[in-house]
Amino acid sequence: DIVMTQSPDSLAVSVGERATINCKSSQSVLYSSNNKNYLAWYQQKPGQPPKLLISWASTRASGAPDRFSGSGSGTDFTLTISSLQAEDVAVYYCQHYYGTPQAITFGQGTRLEIK
Amino acid sequence: EVQLVESGGGLVQPGGSLRLSCAASGFTFSSYNMNWVRQAPGKGLEWISYINSGSSTIYYADSVKGRFTISRDHAKNSLYLQMNSLRADDTAVYYCARDAGLGHDNGDYYDYWGQGTLVTVSS
């Protein structure tokens, strides 16, 4: 199984500042035949289900604010919030979808709070 | 508007059974692969089961294999999870989640999630 490890487990950032969350996979999730990274990011606000933010490591989902961006390739990925807003308080999860559906795993989550 | 609405959760004793339902609307349910994902209280996300659009391919996580059964009914636009031999560590919010549509029984990201239904296994 591919293990997804996020860092940090939690962070506090001031409103208007940049927030950066990292995700590392235990093996590459870059599929060589199409040069795509099978990596997604989700946002989960308190009491709500997860919501898709980013797919293919860097493609913003419909409706996701453009202050959210994803980057990275292979085994190392980053979710960046360029200017943190109060409504961004949430737990963020990375997920790989490389291989079969039963191989899918999530990172442990990163809790983002306002400083 | 795509909607997924889970139901059927509740309190059940260890060894008991529950059947979860997920009612889908706002899209052609029969064209999409579907999943169940759970989240134990205060914990992260765990994929537990997948069914493709034609019900011909089904997968389970090792943690539920042999105890849970996924199914779907296109006439009712519904996804189901039959849970038997429930244990305390099955306590979680259970979400249904739609594959984004890559198809061909490949791994996929989930573009829509339901609100979840809480299953509590306790005596």
Side-chain angles (χ1 to χ4, degrees), chain A residues 1-6 9-10 23 25 27-31 33-34 36-64 70 77 90-111, chain B residues 1-6 9 22 32-53 55-65 68 70 92-118:
Chain A
D1 288 1
I2 298 177
V3 177
M4 308 300 290
T5 304
Q6 293 180 226
D9 289 333
S10 64
C23 175
S25 58
Q27 63 189 73
S28 177
V29 298
L30 173 63
Y31 193 39
S33 67
N34 60 11
K36 287 190 169 187
N37 288 284
Y38 284 58
L39 190 284
W41 289 95
Y42 300 88
Q43 175 193 62
Q44 186 176 32
K45 295 183 179 181
Q48 295 186 19
K51 179 181 177 182
L52 177 68
L53 278 178
I54 302 279
S55 61
W56 303 116
S58 60
T59 301
R60 241 185 338 269
S62 174
F77 301 91
V91 178
Y92 292 84
Y93 294 93
C94 62
Q95 173 217 21
H96 88 83
Y97 46 102
Y98 187 92
T100 63
Q102 67 187 135
I104 286 171
T105 54
F106 295 86
Q108 80 275 18
T110 295
R111 185 174 303 275
Chain B
E1 179 194 6
V2 172
Q3 284 199 320
L4 298 169
V5 180
E6 300 93 338
C22 170
Y32 284 83
N33 305 330
M34 298 293 296
N35 302 267
W36 287 98
V37 178
R38 69 183 181 184
Q39 185 171 37
K43 301 297 184 182
L45 301 166
E46 178 190 17
W47 169 86
I48 58 170
S49 189
Y50 162 93
I51 185 168
N52 71 356
S53 58
S55 302
S56 60
T57 301
I58 286 174
Y59 295 116
Y60 299 100
D62 288 343
S63 58
V64 306
K65 197 175 296 182
F68 289 10
I70 191 172
V93 175
Y94 285 74
Y95 297 103
C96 61
R98 191 184 85 166
D99 268 12
L102 296 180
H104 303 294
D105 295 327
N106 295 318
D108 205 348
Y109 57 95
Y110 309 140
D111 58 354
Y112 287 95
W113 299 62
Q115 286 293 319
T117 188
L118 176 62

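Each chain gets a letter, A, B and so on, in the order the sequences are listed, and its residues count up from 1.
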* Closest approach of A:Q44 to B:Y95 (non-hydrogen atoms, all atoms of both residues) ->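 Closest approach of A:Q44 to B:Y95: NE2-OH, 3.2 Å.
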* Please name the pair of heavy atoms, one in B:Y109 and one in A:A40, separated by the smallest distance, quoted to 0.1 Å. =>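 Heavy-atom minimum between the residues: CB-CB, 3.9 Å.
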* **Under 4.5 Å from any heavy atom of chain B - which part of A:Y98** =>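 Looking at A:Y98, nothing touches chain B.
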* Asked: So which part of A:A103 gets closer than 4.5 Å to some heavy atom of chain B, the side chain, the backbone, both or neither?
  ->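 No part of it gets close to chain B.
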Hey, what do you get for [atom1] ([X]) to [atom2] ([Y]), rounding to the nearest 0.5 Å?
{"X": "B:I48", "Y": "A:I104", "atom1": "CD1", "atom2": "CD1", "value": "13.0 Å"}
{"X": "A:Q102", "Y": "B:T57", "atom1": "CD", "atom2": "OG1", "value": "10.5 Å"}
{"X": "A:Y38", "Y": "B:N106", "atom1": "OH", "atom2": "CG", "value": "6.5 Å"}
{"X": "A:Q95", "Y": "B:Y110", "atom1": "CD", "atom2": "OH", "value": "5.5 Å"}

* Determine whether more than 12 heavy atoms belonging to other residues, nucleotides or ligands lie under 6.0 Å from atom NZ of B:K43. =>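 No.
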* To do: Tell me, out of B:Y60, B:Y112, B:W47, who's got the most heavy-atom pairs with chain A below 4.5 Å.
  =>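 It is B:W47.
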* To do: Among B:G116, B:G114, B:A97, single out the residue with the greatest number of heavy-atom pairs under 4.5 Å to chain A.
  =>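 Looking at each option in turn, the highest pair count goes to B:G114.
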* Hey, does B:N33 have a side-chain heavy atom less than 4.5 Å from the side chain of A:P101? ->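 The answer is no, as the side chains (C-beta and beyond) never meet within the 4.5 Å cut-off.
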* Count the heavy-atom pairs under 4.5 Å between each of A:Y97, A:Y42, A:Y93, A:W56 and chain B, then report the option with the highest count. =>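 The candidate making the most pairs under 4.5 Å is A:Y97.
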